[in-house]
*Asks:* 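Quick one: this structure, given as structure tokens, is what I'll be asking you about.
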Amino acid sequence: MGWQGQPGTWAVGAARRGRGGAFRWELRIIVQLKRQASKTTRRCVSSRGAPGFGVLLGAALLAVLGGAAAPGAVRQAQAVQDIGLPDMGTAADRTLSPYLERHIGKQLLRHLWGNNAVINDALVQEYMTRTGSRLLLRSGRSPADFTFLVVADNRINAFAAPGGVLGINSGTILAAESVHELAAVTAHEIAHVTQKHIARSEHTRQGLRLPLTASLLAAILLGSYNPELGQAAVAVTAASQIQQHINFTRANEQEADRIGMQYLQRAGYDPHGMPAFFGRMLKQSRLHSQDDIPEYLRTHPLTVNRIAESKSLAANYDQARGLPELDFQLVRARLSAATESNQGAVLQRFKDQLRPDADPGAVSQQAARYGYALVLARMGHLEQALAELRLLERMDKTSLFYLLALGELTSATGRVEESLEILGRAALLHPDSALPWQAQARTLLRARRPAEAQHVLRDYGRKQGGDVFHYRLLAQAEAEAGFKTDSDIARAQVLFLQGSTKKAVELLELSLQQKHLNSYQDARLRARLAELRGIMELDKKLRF
């Protein structure tokens, strides 16, 4: 689980107050943390040795939740561990109300987007959402209550956070060798949320309140791009108290394994993917020094016994057969093409994988050709890339991956109408995906037809709503079509979704001062301003 980290990594300035054994915690997040963090480079740290998001988040919560706990809280934690069953009572719900959990999750998402911690690839993000939604739907859970993200970090890690926010590092997708292994990691994180491990951890500590957790999460996100600053901001807890928390979270890990295995089986994935991924991670750890252990093992402690238990659990289920593997391998190829710095080397690797004696329709061959085409395009060899993509499209005329790439490249080479035809076909074949519509809008904007792009985006937004990718394009289309007020509203939404609520408010206030606003525009601006100000007030109460 993404909450657990290495002891002694973080410290929190905290003061314990109360009478008769009642404890109230006050986290004094250092103002300097925010001031200095705002000056740091707003990018995801991916260099070896620098703490990743999951480690920082886990270590900080470990320090707070595990540190200086009341004796009764320790006994409750131990009791849950001994029973080994989920405690789904209402006490945990009272500690973390569903409303406040959702608010924390939304704020967390905005910080991640605002700090460029999320992979800027809508197709990869959509694939991760589809994988998570499949697991949820077959398990009686609503995908609407969860948000799945691919984090821009080449290390192997994953985390679950309040409000159903689940993050999977890009390095985890690249490390997984099958769709079943990626689904296993995802199912494990989903189980942490559905079994209320976060709320139960809070409840057993009898005094940590949600607003304090919110403040801590915000501080961690601000400090995560400056590791030294973060380590200086948080206090070290006693080893015995940390151990009590580790014992409790190990029980949660075992429970998440068990429940996650059920989710895998119900969704048609192979439960054996879980012990396979765990085993490879443990084997990899033996090849590294203590300081170079994969991040996944730091936040998800593995032992030989735990892997044996997961194998025993998987043995109770039949191995899944026939689940499509191609899309997963295409995502891996896409991530490799986009994240590896030596494009010449990755191009050669994909080329070497294209064997003349192999079946061109095999999954491995299609994935290699797709990656090869993407790297060719990135290096400016557009016509050669188009030739490779047309070969793929002839093999599968319905693939969203192939149609999007083909449509974007034909647009880049000036074939606007051909591009719109391909992307229109993709929209018909994949009505639940926003990506063909967004690609059409990009093609129209490139062809200097902003009014048509505006119509496409508005039409889709009315039907399905929008995300960061949608509102970025909409803001551009509205501006180029001459609709400044509408562009301001869309730009404000982008700022809000990226964690800059104050800047969004300032932009709308400035827009409201324009002359010649009609009554409808005035009402829209004022309504959105009222919403954002309300969110800012709640954030202030939660100490974000």
Side-chain angles (χ1 to χ4, degrees), residues 113 118-130 133 144 147 334 374 377 382 385-386 389-390 393 397-498 504 507-508 511 518 520-521 523-525 527-528:
W113 278 106
V118 181
I119 285 284
N120 191 32
D121 188 321
L123 184 52
V124 172
Q125 298 292 351
E126 184 175 279
Y127 175 79
M128 198 65 246
T129 297
R130 280 196 283 119
S133 297
T147 301
R334 190 176 181 87
L374 294 181
L382 302 187
L386 273 172
L389 286 169
R390 287 188 179 112
E393 194 254 350
K397 295 185 179 297
T398 66
S399 170
L400 182 61
F401 289 84
Y402 301 160
L403 290 172
L404 286 176
L406 200 54
E408 293 275 16
L409 273 182
T410 52
S411 170
T413 55
R415 303 173 175 97
V416 175
E417 296 307 321
E418 182 183 351
S419 171
L420 292 174
E421 184 278 323
I422 293 168
L423 295 172
R425 186 154 36 101
L428 288 173
L429 291 168
H430 303 275
D432 296 330
S433 175
L435 305 185
W437 299 77
Q438 293 174 6
Q440 284 183 57
R442 280 192 294 273
T443 293
L444 291 165
L445 287 169
R446 189 181 287 117
R448 298 186 180 181
R449 293 156 61 175
E452 293 175 68
Q454 176 197 50
H455 175 75
V456 166
L457 292 166
R458 282 185 177 183
D459 187 47
Y460 183 84
R462 280 191 293 267
K463 296 174 183 175
Q464 302 290 345
D467 55 12
V468 172
F469 302 103
H470 172 85
Y471 285 107
R472 283 176 185 164
L473 282 169
L474 182 60
Q476 180 184 350
E478 298 283 11
E480 292 183 13
F483 291 77
K484 185 181 185 309
T485 301
D486 297 283
S487 177
D488 287 346
I489 292 172
R491 284 172 57 208
Q493 184 65 5
V494 173
L495 288 169
F496 168 69
L497 292 174
Q498 292 181 333
L507 173 61
L508 294 180
S511 186
N518 60 40
Y520 174 70
Q521 291 171 330
R524 282 191 71 197
L525 286 168
R528 188 56 183 149

*Asks:* Please enumerate all residues that pass ring pair (Phe, Tyr, Trp, His ring centres under 6.0 Å) together with Tyr127, with sequence neighbours excluded.
*Replies:* none
*Asks:* Could you walk me through whether His455 and Leu444 pass the side-chain contact (heavy atoms from CB on, under 4.5 Å) check?
*Replies:* CA-CA 11 Å; His455 175 75; Leu444 291 165; over 6 Å; no
*Asks:* Can you see which heavy atom on Leu457 is nearest to which on Ala477, and at what distance?
*Replies:* CD1-CB, 4.1 Å
*Asks:* Return yes if some donor-acceptor pair links the side-chain N/O of Gln125 with the main-chain N/O of Ile119 below 3.5 Å, else return no.
*Replies:* yes
*Asks:* Salt bridge check: are Glu126 and Arg334 linked by an N-O gap of less than 4.0 Å?
*Replies:*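 Not counted as a salt bridge, because no side-chain N and carboxylate O are separated by less than 4.0 Å.
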*Asks:* Nearest 0.5 Å, please: how far is CG in Leu435 from CG in Leu403?
*Replies:*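 That separation rounds to 12.0 Å.
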*Asks:* Taking all non-hydrogen atoms of both residues, which atom of Ala122 and which atom of Gln438 are closest, and how far apart?
*Replies:* CB-OE1, 4.2 Å
*Asks:* With rounding to the nearest 0.5 Å, note down the distance linking CG in Leu423 to CG in Leu428.
*Replies:* 11.5 Å
*Asks:* So how far is it from Arg528 CZ to Asp488 CG, rounded to the nearest 0.5 Å?
*Replies:*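 If we round to the nearest 0.5 Å, Arg528:CZ and Asp488:CG are 13.5 Å apart.
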*Asks:* Is the shortest side-chain heavy-atom distance between Arg415 and Leu386 below 4.5 Å?
*Replies:* yes
*Asks:* Hey, what do you get for CZ (Arg524) to CG (Leu508), rounding to the nearest 0.5 Å?
*Replies:*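 Reported value, rounded in 0.5 Å steps: 10.0 Å.
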*Asks:* Once rounded to the nearest 0.5 Å, what's the spacing between atom CD of Gln521 and atom OG1 of Thr485?
*Replies:* 4.0 Å
*Asks:* Is there a donor-acceptor contact under 3.5 Å from the side chain of Ser411 to the main chain of Gly407?
*Replies:*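 No; zero donor-acceptor contacts below 3.5 Å.
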*Asks:* May I ask you to decide if Thr398's main-chain N or O and His430's side chain share a donor-acceptor pair within less than 3.5 Å?
*Replies:*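 Looks like yes, one N/O pair under 3.5 Å.
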*Asks:* Heavy atoms only: give me the nearest Lys397-Leu429 pair and the separation to one decimal.
*Replies:* O-CD1, 3.7 Å
*Asks:* Working to the nearest 0.5 Å, report the span between CZ of Phe469 and CG of Asp467.
*Replies:*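 Nearest 0.5 Å value for the CZ-CG distance: 6.5 Å.
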*Asks:* Between Trp437 and Tyr460, what is the ring plane arrangement, given parallel below 30°, perpendicular above 60°, and tilted in between?
*Replies:* tilted
*Asks:* How close do Phe401 and Leu123 get, heavy atom to heavy atom, and via which atoms?
*Replies:* CD2-CD2, 3.4 Å
*Asks:* State plainly whether the residues Glu478 and Arg458 are in salt-bridge range, i.e. N to O under 4.0 Å.
*Replies:*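 Answer for the salt bridge query: yes.
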*Asks:* Take Thr413 and Leu409, measure what side-chain contact (heavy atoms from CB on, under 4.5 Å) needs, and give me the verdict at the end.
*Replies:* CA-CA 6 Å; Thr413 55; Leu409 273 182; 5.7 Å; no
*Asks:* Using the rule given for side-chain contact (heavy atoms from CB on, under 4.5 Å), can you reason through Ile489 versus Gln493, listing the C-alpha separation, both sets of side-chain angles and the distance that settles it, and then say yes or no?
*Replies:* CA-CA 6 Å; Ile489 292 172; Gln493 184 65 5; 5.9 Å; no
*Asks:* So which atom in Ala481 and which in Pro450 form the shortest heavy-atom distance, rounded to 0.1 Å?
*Replies:*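 That closest heavy-atom pairing would be N-CB, 3.9 Å.
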*Asks:* Kindly give the heavy-atom pair with the smallest separation between Leu404 and Ala439, and that separation in Å.
*Replies:*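 So the two residues come closest at CD2-CB, 4.2 Å.
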*Asks:* Is there a side-chain contact between Arg491 and Leu495 (heavy atoms, below 4.5 Å)?
*Replies:* no
*Asks:* I'd like to know whether Arg425 forms a side-chain contact (heavy atoms from CB on, under 4.5 Å) with Leu406, so could you lay out the CA-CA distance, the side-chain angles of the two residues, the decisive distance to 0.1 Å, and finally the verdict.
*Replies:* CA-CA 12 Å; Arg425 186 154 36 101; Leu406 200 54; 5.7 Å; no
